[in-house]
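Reading through the structure tokens given below for one structure.
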Number of protein chains: 2
Amino acid sequence: MEALDPLLHQPLRTQLAAFLAGAGEASFSELKRSLDVSDGNLESHLKKLIAADYVSLQRSEGPGRAQTRYSMTPTGLAALQRYIQALHKLLPIGAEGLAGAGHLAGNTGS
Amino acid sequence: MEALDPLLHQPLRTQLAAFLAGAGEASFSELKRSLDVSDGNLESHLKKLIAADYVSLQRSEGPGRAQTRYSMTPTGLAALQRYIQALHKLLPIGAEGLAGAGHLAGNTGS
DNA sequence: CATATAACTCTGAACTACAGAGTTAATCCA
DNA sequence: TGGATTAACTCTGTAGTTCAGAGTTATATG
């Protein structure tokens, strides 16, 4: 059976990776606002993704308040793609697979 | 942002739910073999799914070795469908979304 | 009847997730 | 100028989760 990358298969990190992949890059606060998560929690999950080289950071220079921008690395994007493919294999995604399975089905909502 | 059911968004439980949804039902040993997991681990994850009424069990009667068959409940199937839809919204599934994102892309492997 | 084995269940250790307190440094207003 | 405020992190301890393997029960088998 297909294994799911445990680094990506966690609610907050899946969202984090998906958001960064979609947005290109984001600041700490943007991520915090978008994912509605506490500072500490965001930090610890970002750290894991950074440690795995899935996410990279770039500190802004110049005037104004210091700010770090986070983005997916090529490694991270590749892992995300592999992860999505694993989900595809595992789940009957996009094929109404559950409704059509036969057993127990038929009550799948209006 | 779309929340992912934490009960389903865990490697082993996603596989468990997907397997049961696909197979209709399975015994403890079949699950153990298919998912390649230790007894204790399988038990504890099954317990969570049962506690949430995502999975039901039916003990076999009659002669022969007792055996419990596990299957998804309607509640579980509905949750799985919602989960899959949440994944859809979150991830650029099936749309080559990552490769086309622009930033950082272009190295997405030949 | 003794041994083996399938089918679970329990327990505790290791790891993960999380919130909030703490830190640093830039901006604001008098 | 300088004290207060706030944004942007970072650290730490607690609570919760995951996991393997030891333990249990009951059936089959020599």
Side-chain angles (χ1 to χ4, degrees), chain A residues 1-20 23 25-52 54-71 79 83 90, chain B residues 1-20 23 25-52 54-71 79 83 90:
Chain A
M1 214 160 177
E2 198 68 32
L4 293 168
D5 185 340
L7 214 60
L8 291 177
H9 199 66
Q10 194 278 339
L12 195 50
R13 287 195 299 266
T14 304
Q15 288 183 257
L16 216 57
F19 184 88
L20 283 178
E25 58 162 45
S27 69
F28 191 88
S29 323
E30 281 161 10
L31 292 172
K32 209 174 74 146
R33 256 175 265 122
S34 300
L35 307 186
D36 189 33
V37 69
S38 70
D39 292 28
N41 202 12
L42 176 56
E43 150 87 0
S44 86
H45 286 293
L46 274 174
K47 248 187 186 163
K48 283 188 191 186
L49 293 175
I50 291 164
Y54 280 14
V55 164
S56 65
L57 53 83
Q58 189 192 2
R59 289 191 187 272
S60 67
E61 315 245 324
R65 204 178 274 278
Q67 208 194 35
T68 303
R69 309 237 91 211
Y70 298 90
S71 59
Y83 169 66
L90 194 58
Chain B
M1 212 160 177
E2 198 68 34
L4 293 167
D5 185 341
L7 214 61
L8 290 177
H9 200 66
Q10 195 279 339
L12 195 50
R13 287 195 299 266
T14 304
Q15 288 182 258
L16 217 54
F19 185 87
L20 283 179
E25 57 162 45
S27 69
F28 191 89
S29 323
E30 280 161 9
L31 291 172
K32 209 175 72 146
R33 255 175 264 122
S34 299
L35 307 185
D36 190 31
V37 68
S38 70
D39 291 29
N41 203 11
L42 176 56
E43 150 86 0
S44 86
H45 286 293
L46 274 175
K47 249 186 186 164
K48 284 190 189 186
L49 293 175
I50 291 165
Y54 280 13
V55 164
S56 65
L57 52 82
Q58 191 193 0
R59 288 190 188 273
S60 68
E61 314 244 326
R65 201 178 279 277
Q67 208 193 34
T68 302
R69 309 237 92 209
Y70 298 91
S71 59
Y83 169 67
L90 193 59

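Heavy atoms only: backbone and side chains are in, while hydrogens, waters and symmetry mates are out.
As rounded to whole Å, 13 Å separates atom C1' of dA8(D) from atom CG of L46(A). Rounded to whole angstrom, the span from the CG atom of L16(B) across to the P atom of dT18(D) amounts to 12 Å. Taking atom CD on E43(A) and atom P on dC18(C), their separation rounds to 14 Å, with Å as the unit. Spacing between atom CD of E30(A) and atom P of dA8(D) amounts to 9 Å, rounded to whole angstrom units. One interatomic measurement links the two molecules: CZ of R13(A) to C1' of dC18(C), which rounds to 12 Å at whole-angstrom precision. In this structure, the CD atom of Q10(A) is 17 Å from the P atom of dG16(D), given to the nearest Å. Atom NE2 in H9(A) sits about 12 Å away from atom P in dA17(C), given to the nearest Å. Distance F28(B) CZ to dT5(C) P: 19 Å, rounded to the nearest Å.
Phosphate proximity of dC19(D) to H45(B): present, with a side-chain N or O under 4.0 Å from OP1 or OP2. For dT18(D), the OP1/OP2 oxygens have no side-chain nitrogen or oxygen of N41(B) closer than 4.0 Å.
Distance from the side chain of D39(B) is smallest for dC8(C) among the nucleotides dC8(C), dC9(D), dT17(D). The side chain of R59(B) has dC8(C) as its nearest neighbour among dA8(D), dC19(D), dC8(C).
Aromatic ring orientation, H9(B) versus Y83(A): perpendicular (interplanar angle above 60°, classes split at 30° and 60°).
Within 4.0 Å of T68(B), counting heavy atoms only, lie sugar-phosphate atoms of the nucleic acid but no base atom. Nucleic acid contact class of K32(A) (heavy atoms, under 4.0 Å, all strands): none. The residue S38(B) sits close to a base: some heavy atom pair falls under 4.0 Å.
A residue-by-residue look at G40(B) and S29(B) shows that S29(B) has its nearest nucleotide of DNA chain C further toward the 5' end. When each of K47(B) and P6(A) is assigned the nucleotide of DNA chain C bearing its nearest heavy atom, the one mapping closer to the 5' terminus is K47(B).
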Set out, in order, the CA-CA distance, both residues' side-chain angles and the distance that settles side chain to side chain contact (heavy atoms under 4.5 Å, CB included) for Y54(B) and L16(B), then state yes or no.
CA-CA 11 Å; Y54(B) 280 13; L16(B) 217 54; over 6 Å; no
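Between the side chain of R13(A) and the backbone N or O of L7(A), at least one donor-acceptor pair lies under 3.5 Å. Counting only distance, with no hydrogens or angles, the side chain of S27(A) and the backbone of R69(A) share no donor-acceptor pair below 3.5 Å.
The CG atom of L4(A) lies 9.5 Å from the CD atom of Q10(B); values are rounded to the nearest 0.5 Å.
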